[in-house]
Visitor: 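I am attaching a structure below and will ask some questions about it afterwards.
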Amino acid sequence: MANNKRTLFLKRRMRNRNKLKKMAAGRPRLSVHRSSKNISVQLIDDVAGVTIAAASSMEKALGVVGKNNVEASAKVGAALAERAKKAGVEECYFDRGGFLFHGKVKALADAAREGGLKF
């Protein structure tokens, strides 16, 4: 089996997600997706299969359209924390997918924690 970047990413994502689902305890999942140009995050209720809150760097209201850096990630994380509080969610678990917890993903998580989310 060829271990190219995509295969390794998918293996890392499934390994991370399966470990987290065992400890979920009915909490919503904070799912992160990072592309080369944008970063987006969703708060997902897996039991009901609905998205509770979402934020993305493509939103014009955040003022970071076209930017994909640590500052943009921090703004997206803060916006999601604010929207989650409005929806009545205080606790969740952080699903980084196959992305490493470093740089933009870490900045997003730190901003969400500062905004009041607990994970």
Visitor: Using a 4.5 Å cut-off on heavy atoms from C-beta on, say whether the side chain of Asn16 contacts that of Phe99.
Guide: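 No. Closest side-chain heavy atoms not under 4.5 Å.
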Visitor: Between Glu59 and Arg83 (salt bridge meaning N to carboxylate O under 4.0 Å), is one present in this structure?
Guide: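 A salt bridge is present here (some side-chain N lies under 4.0 Å from a carboxylate O).
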Visitor: Less than 4.5 Å apart, any side-chain heavy atom of Val41 and any of Val32?
Guide: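 They are in contact (side-chain heavy atoms under 4.5 Å apart), so the answer is yes.
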Visitor: Could you pull out the closest heavy-atom pair between Ser56 and Val76, with the gap in Å?
Guide: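 Here Ser56 and Val76 meet closest at C-CG2, 3.8 Å.
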Visitor: Quick one: do the Asn4 and Thr7 side chains pair a donor with an acceptor below 3.5 Å?
Guide: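 Per modelled atom types, Asn4 and Thr7 side chains form a pair under 3.5 Å.
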Visitor: Identify the heavy atoms of Ala81 and Gly115 that sit nearest to each other, and give their distance.
Guide: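 Closest heavy-atom pair between Ala81 and Gly115: CB-CA, 3.7 Å.
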Visitor: What is the minimum heavy-atom distance between Ala109 and Phe119, and which atoms define it?
Guide: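 Here Ala109 and Phe119 meet closest at O-CZ, 3.5 Å.
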Visitor: Looking at OG of Ser57 and NZ of Lys67, how far apart are the two atoms once the value is rounded to the nearest 0.5 Å?
Guide: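 One finds 11.0 Å between OG of Ser57 and NZ of Lys67.
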Visitor: Supply the atom-to-atom distance Glu71 CD to Lys104 NZ, rounded to the nearest 0.5 angstrom.
Guide: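 One finds 10.5 Å between CD of Glu71 and NZ of Lys104.
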Visitor: With the side chain counted from C-beta on, respond yes when Leu30 and Asp95 share a heavy-atom pair under 4.5 Å apart, and no when they do not.
Guide: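 Side-chain contact under 4.5 Å: no.
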Visitor: To the nearest 0.5 Å, how far apart are CG in Leu108 and CZ in Arg113?
Guide: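 So the gap between those two atoms works out to 10.5 Å.
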Visitor: In Å, rounded to the nearest 0.5 Å, how long is the span from CZ of Arg29 to CG of Leu20?
Guide: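 Going from CZ on Arg29 over to CG on Leu20, the span is 9.0 Å.
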Visitor: Are Ile44 and Val50 in one and the same hydrophobic cluster, where Ile, Leu, Val, Met, Phe, Trp and Tyr link if side-chain heavy atoms are under 4.5 Å apart?
Guide: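 In one cluster with Ile44: Val50, no.
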Visitor: Once you round to the nearest 0.5 Å, how far does CD1 of Ile52 lie from CG of Leu80?
Guide: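 Reported value, rounded in 0.5 Å steps: 10.0 Å.
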Visitor: Side chains of Glu82 and Lys85, heavy atoms from C-beta outward: is any pair under 4.5 Å?
Guide: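 They are not in side-chain contact.
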Visitor: What is the minimum heavy-atom distance between Val105 and Arg34, and which atoms define it?
Guide: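 Looking at all heavy atoms of both residues, the shortest contact is CG2-NE, 4.2 Å.
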Visitor: Where the side chain of Arg12 meets the backbone of Gly98, is there a donor-acceptor pair that is under 3.5 Å apart?
Guide: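 Yes.
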Visitor: Quick one: pull up CG in Asn68 and OG in Ser35 and give me the separation to the nearest 0.5 Å.
Guide: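 The distance works out to 6.0 Å.
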Visitor: Got Val70 and Lys106 here, is their nearest side-chain heavy-atom distance under 4.5 Å?
Guide: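 No; the side chains remain at least 4.5 Å from each other.
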Visitor: Does the side chain of Leu43 come within less than 4.5 Å of Val89's, by heavy atoms?
Guide: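 In contact.
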Visitor: Can you tell if the side chain of Ser31 reaches within under 4.5 Å of the side chain of Arg17, non-hydrogen atoms only?
Guide: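 A side-chain contact under 4.5 Å exists here.
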Visitor: Tell me whether Leu117 is reachable from Phe101 by hopping between hydrophobic residues (I, L, V, M, F, W, Y) whose side-chain heavy atoms are closer than 4.5 Å.
Guide: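 Cluster IDs for Phe101 and Leu117 match.
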Visitor: Between Ala84 and Ala53, what is the shortest heavy-atom contact and its length?
Guide: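 In this case the closest contact between Ala84 and Ala53 is N-CB, 4.3 Å.
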